[in-house]
Amino acid sequence: MTTPSAPAPAPALVNGRIQTRFGEFNLVRPEIVTFPEGIPGFEQCRRFVVILADELSPLTCLQALDEPYPSFLASAPATLRADYRPELPDADRLKLRVHSGDPVLWLVIVTIGRGDVSANLKAPIAINARTMLGRQVVLEEDLPVAWQIESR
């Protein structure tokens, strides 16, 4: 018989610092990104912060502020693959309320496995930096869900 694991503790935002499963980090300007539909598999998680920290560079951390408080490692796509330039589909543009000239922040979820590191190029995260609305977008292009990142 196995015992259920305890839920992750709520990430404390104390004195400009936040605790994640990847460590404790400073939040210079904590801006909450709202995912109206959550992230697939974590639909109940609607509020996230993007953590930029030297200790994580070139990665970032996407930390949920709602239970069960998942944390995701992510990266700007250009950091990993210069030729990757996702286009925001019209339906997603409407859901994120992106207007002409609105800056869109793109992140790809990074997974660290045993001996390998991969990035999900098929379903990147798009964030409207004006409205702070986010969404995981599934692209129509034939792209890998687990693109292997070569060590540099």
*For atom CD of Glu87, decide whether the heavy atoms of other residues, nucleotides or ligands shown that lie under 6.0 angstrom number more than 12.*
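No.
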*Would you find more than 12 non-hydrogen atoms of other residues, nucleotides or ligands less than 6.0 Å from Arg130 atom CZ?*
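Atom CZ in Arg130 is crowded, with more than 12 foreign heavy atoms closer than 6.0 Å.
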For the residue pair [X] and [Y], what are the closest heavy atoms and their distance?
X	Y	answer
Gln136	Pro40	OE1-CD, 3.1 Å
Thr60	Ser75	OG1-N, 4.3 Å
Tyr84	Pro124	OH-CG, 3.4 Å
Leu133	Lys95	CD1-O, 4.1 Å
Phe35	Val33	CE1-CG1, 3.5 Å

*Between Asn128 (side chain) and Arg97 (backbone), is there a donor-acceptor pair under 3.5 Å?*
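A pair under 3.5 Å: yes.
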*asked:* If we ignore hydrogens and angles and just use 3.5 Å, is the side chain of Thr34 paired with the main-chain N or O of Pro36 as donor and acceptor?
replied: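 Answer holds: no.
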Pairwise side-chain contact, [X] with [Y], heavy-atom cut-off 4.5 Å (strictly under):
X	Y	result
Val137	Pro89	yes
Phe72	Val110	no
Thr111	Asn120	no

*Would you sort out whether Lys122 and Val138 count as a side chain to side chain contact (heavy atoms under 4.5 Å, CB included), showing the intermediate values?*
CA-CA 6 Å; Lys122 180 71 175 173; Val138 178; 4.3 Å; yes
What is the distance from atom [atom1] of [X] to atom [atom2] of [Y], rounded to the nearest 0.5 Å?
X	Y	atom1	atom2	result
Asp116	Ser118	CG	OG	6.0 Å
Leu73	Ile109	CG	CD1	8.5 Å
Thr131	Asp102	OG1	CG	7.0 Å
Ile32	Gln63	CD1	CD	12.0 Å

*Pairs in or reaching into residues 37-59: which pass side-chain hydrogen bond (donor to acceptor under 3.5 Å, both in side chains), with residues at least two apart or in two chains?*
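Residue pairs with at least one partner in residues 37-59: Glu37-Arg135, Arg47-Asp66.
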*Checking side chain to side chain contact (heavy atoms under 4.5 Å, CB included) for the pair Ile39/Ile125: CA distance, chi angles, key distance, verdict?*
CA-CA 9 Å; Ile39 290 179; Ile125 302 288; 4.2 Å; yes
*asked:* Centre-to-centre under 6.0 Å for Phe48 and Phe42, is that the case here?
replied: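 Between Phe42 and Phe48, which both carry aromatic rings, the centre distance is not below 6.0 Å.
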_Just to verify, what does Phe25 make a ring pair (Phe, Tyr, Trp, His ring centres under 6.0 Å) with, not counting sequence neighbours?_
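In terms of ring pair (Phe, Tyr, Trp, His ring centres under 6.0 Å), with neighbours along the sequence ignored, Phe25 is linked to no residue.
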_Tell me which one of Val98, Val104, Val50 satisfies side-chain contact (heavy atoms from CB on, under 4.5 Å) with Ile127._
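Per the side-chain contact (heavy atoms from CB on, under 4.5 Å) rule, the option paired with Ile127 is Val50, out of Val98, Val104, Val50.
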_Leu80/Val117 under side chain to side chain contact (heavy atoms under 4.5 Å, CB included): CA gap, chis, key distance, verdict_ = CA-CA 11 Å; Leu80 303 176; Val117 180; over 6 Å; no
